[in-house]
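When reading the values below, keep in mind they use all heavy atoms of this one structure, side chains included, and skip hydrogens, waters and symmetry mates. To find a chain, count down the sequence lines: A is the first, B the second, and so on, and within it residues start at 1.
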Protein chains: 2
Amino acid sequence: MQDKGLRITKVRRALIQLFSEHSIPYTANQIEKKLFAIGILVNKTTIYRELQFLSQNGYITEVYLHSNEISYESAELKHHHHLVCESCGNVDDVINCLVSELNREIYQKKKFKIRTHTLEFYGTCAKCAHIKHIK
Amino acid sequence: MQDKGLRITKVRRALIQLFSEHSIPYTANQIEKKLFAIGILVNKTTIYRELQFLSQNGYITEVYLHSNEISYESAELKHHHHLVCESCGNVDDVINCLVSELNREIYQKKKFKIRTHTLEFYGTCAKCAHIKHIK
DNA sequence: ATTGTATTGCAACTGTGTTGCGTTTACACT
DNA sequence: AGTGTAAACGCAACACAGTTGCAATACAAT
């Protein structure tokens, strides 16, 4: 990492550790709270810049789960998609991906070259379905 | 539509017509410009409220194509997905959907009940690939 | 024409994310 | 260890999508 003349600061180290330990996507705000909880108080500008930095250098990738907030997750995760519970907001992963087969078909039909795609599922997780049942 | 005590105003009529004539998703800003172009000058608050209204009443549906802006498209369109060109921003449709088969599988494995899903492709459209080639 | 209420415009606000700039800090090199 | 330099930082101010409260207006039914 220092190959490119990049420095290892406490924020950068903490973020890399966070993303390597958890496969969940985080927003800038969630990260700010996570860092604060372990005693690291950082300006939000720094967090945004650090997320941009890590994203541009291929350490993390952007995920669009909600309309107006960008989430980030480790770039080292296997290609996968998300189960987003509309009740509690919890996010889980699905590894299966049938979509890759579509690439050739879409290029033949539309001459559109797919670089990447997003596939997100919205619904109710097991926990919330259970809670609703109890009520 | 008037059944529910709802009124037909010029903005509402124009929006319903816009969405019925075009199958493309529009953002609030794009709609503001479209309306202005046909001589309808509306406050942005009205547009946001009208989009909320049409969405809640099942006339249009939300689409998340870009990180920080909500797009809307007619709710009467067949279930489909989008080809978003990362070069010119143009949006095209794909009707095929292999994903529906996943619903049962995901419920069996994860007990997650899928209400809906999004599947968006990002890449380069034929036109832009051609332009790049010429340059 | 009158009236009740849905709809509108305006202004002020919220929240996410960005930019400019001066200061601090990590790290390489003496 | 001391020092120079560029990366990283904090702060303040900003940009932009979207929301809210409230008073004014417009629709449609009587």
Side-chain angles (χ1 to χ4, degrees), chain A residues 1-19 25-36 38-73 84 89 91, chain B residues 1-19 25-36 38-73 84 89 91:
Chain A
M1 177 154 205
Q2 287 104 322
D3 304 353
K4 311 174 193 171
L6 307 174
R7 297 175 183 177
I8 295 183
T9 65
K10 61 171 190 261
V11 177
R12 185 161 295 164
R13 182 183 289 112
L15 281 190
I16 289 176
Q17 189 173 347
L18 178 68
F19 282 115
Y26 291 107
T27 66
N29 281 318
Q30 289 171 332
I31 286 170
E32 188 176 13
K33 283 174 194 158
K34 277 264 174 190
L35 292 187
F36 185 79
I38 58 172
I40 301 178
L41 181 58
V42 216
N43 192 278
K44 65 169 186 167
T45 308
T46 302
I47 293 177
Y48 282 114
R49 282 201 270 238
E50 192 58 34
L51 289 173
Q52 262 182 4
F53 171 86
L54 291 175
S55 176
Q56 279 167 10
N57 287 276
Y59 296 97
I60 59 177
T61 54
E62 298 189 347
V63 191
Y64 304 136
L65 296 182
H66 309 98
S67 60
N68 54 352
E69 242 177 331
I70 306 176
S71 300
Y72 294 87
E73 66 181 5
V84 184
V91 179
Chain B
M1 178 152 202
Q2 287 104 320
D3 305 352
K4 310 174 192 171
L6 307 173
R7 296 175 186 177
I8 295 185
T9 64
K10 61 171 190 261
V11 179
R12 185 162 295 162
R13 182 181 289 112
L15 282 190
I16 288 176
Q17 189 174 347
L18 179 70
F19 283 116
Y26 291 108
T27 66
N29 282 319
Q30 290 171 332
I31 285 169
E32 188 176 12
K33 284 174 194 158
K34 278 265 174 190
L35 292 186
F36 185 77
I38 57 171
I40 301 178
L41 181 58
V42 215
N43 193 277
K44 64 169 187 166
T45 308
T46 301
I47 294 177
Y48 282 115
R49 282 199 272 236
E50 192 58 34
L51 288 173
Q52 263 182 3
F53 170 85
L54 291 174
S55 174
Q56 281 167 8
N57 286 275
Y59 296 98
I60 59 177
T61 54
E62 298 188 347
V63 190
Y64 303 137
L65 296 181
H66 310 99
S67 60
N68 53 353
E69 243 177 330
I70 306 176
S71 300
Y72 295 87
E73 66 182 6
V84 184
V91 179

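Closest-nucleotide positions on DNA chain D for A:Ile47 and A:Asn68 were compared, and the one nearer the 5' end corresponds to A:Ile47. Each of B:Val11 and A:Ala28 has a nearest nucleotide on DNA chain C; the 5'-most of these lies closest to B:Val11.
With C:dT7, D:dA17, C:dG9 as the candidates, the nucleotide lying closest to the side chain of B:Glu69 is D:dA17.
The interatomic distance linking B:Ile70 (CD1) with C:dG15 (C1') rounds to 13 Å, in whole Å. If you take NZ of B:Lys44 and C1' of D:dT19, they are 9 Å apart, rounded to a whole angstrom. Between B:Asn29 atom CG and D:dT19 atom C1' there is a gap of 15 Å when expressed in whole angstrom units. Here the P atom of nucleotide C:dA26 and the CZ atom of A:Arg13 are 10 Å apart, to the nearest Å. In this structure, B:Asn43 places its CG atom 14 Å from P of D:dA26, rounding to the nearest Å. Note: CD1 (B:Ile8) to P (D:dC27) measures 11 Å, nearest angstrom. Between the CD atom of A:Gln56 and the P atom of D:dA7 there is a distance of 14 Å, rounded to whole Å. In this structure, B:Glu50 atom CD and D:dA26 atom P are separated by 17 Å, rounded to whole Å.
The closest side-chain heavy-atom distance from B:Asn68 to A:Asn68 is not below 4.5 Å. In this structure, the side chains of A:Thr9 and A:Arg13 stay at 4.5 Å or more apart for every pair of heavy atoms. Put simply, the side chain of B:Ser71 does not reach to within 4.5 Å of the side chain of B:Tyr64, judged on heavy atoms. A 4.5 Å side-chain heavy-atom check between B:Ile31 and B:Phe19 finds at least one atom pair inside the cut-off. Residues B:Thr61 and B:Glu73 meet the side-chain proximity criterion, which asks for heavy atoms closer than 4.5 Å.
Where the helix from C:dA1-D:dT30 to C:dT30-D:dA1 starts and where it ends, the local axes point in directions that differ by 30°; five pairs per end, rounded to 10°.
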Distances for protein N/O vs nucleotides 3-6 of chain D N/O pairs under 3.5 angstrom?
{"unit_1": "D:dA6", "atom_1": "N3", "unit_2": "A:Arg7", "atom_2": "NH1", "d": "3.4"}
{"unit_1": "D:dA6", "atom_1": "N3", "unit_2": "A:Arg7", "atom_2": "NH2", "d": "2.8"}

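For the atom pair A:Ile40 CD1 and A:Thr46 OG1, the distance stands at 12.0 Å (nearest 0.5 Å).
Look at A:Tyr48 and you'll find a side-chain N or O under 4.0 angstrom from OP1 or OP2 of C:dG17. The phosphate of C:dT8 has OP1 or OP2 within less than 4.0 Å of a side-chain N or O from B:Thr9.
Proximity of a side-chain donor or acceptor of A:Asn57 to a complementary backbone N or O of A:Tyr59 within less than 3.5 Å is not detected. Judged purely by atom type and a 3.5 angstrom limit, B:Gln30 uses its side chain to pair as donor or acceptor with the backbone of B:Thr27.
Contact detail for A:Ile47 and A:Ala28: the closest heavy-atom pair is CG2-O, 4.0 Å. Scanning both residues, A:Pro25 and A:Val63, for their nearest heavy atoms gives CB-CG2, 4.5 Å. When every heavy atom of A:Glu69 is checked against every heavy atom of A:Asn29, the shortest pair comes out as OE2-ND2, 3.5 Å.
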Letter per nucleotide, 5' to 3', of nucleotides 19-24 of chain C [B base touched, S only sugar-phosphate touched, - untouched; heavy atoms, 4.0 Å]: BB----
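Under the 3.5 Å distance criterion, with hydrogens and angles disregarded, no donor-acceptor pair is assigned to the side chains of A:Tyr48 and A:Glu50.
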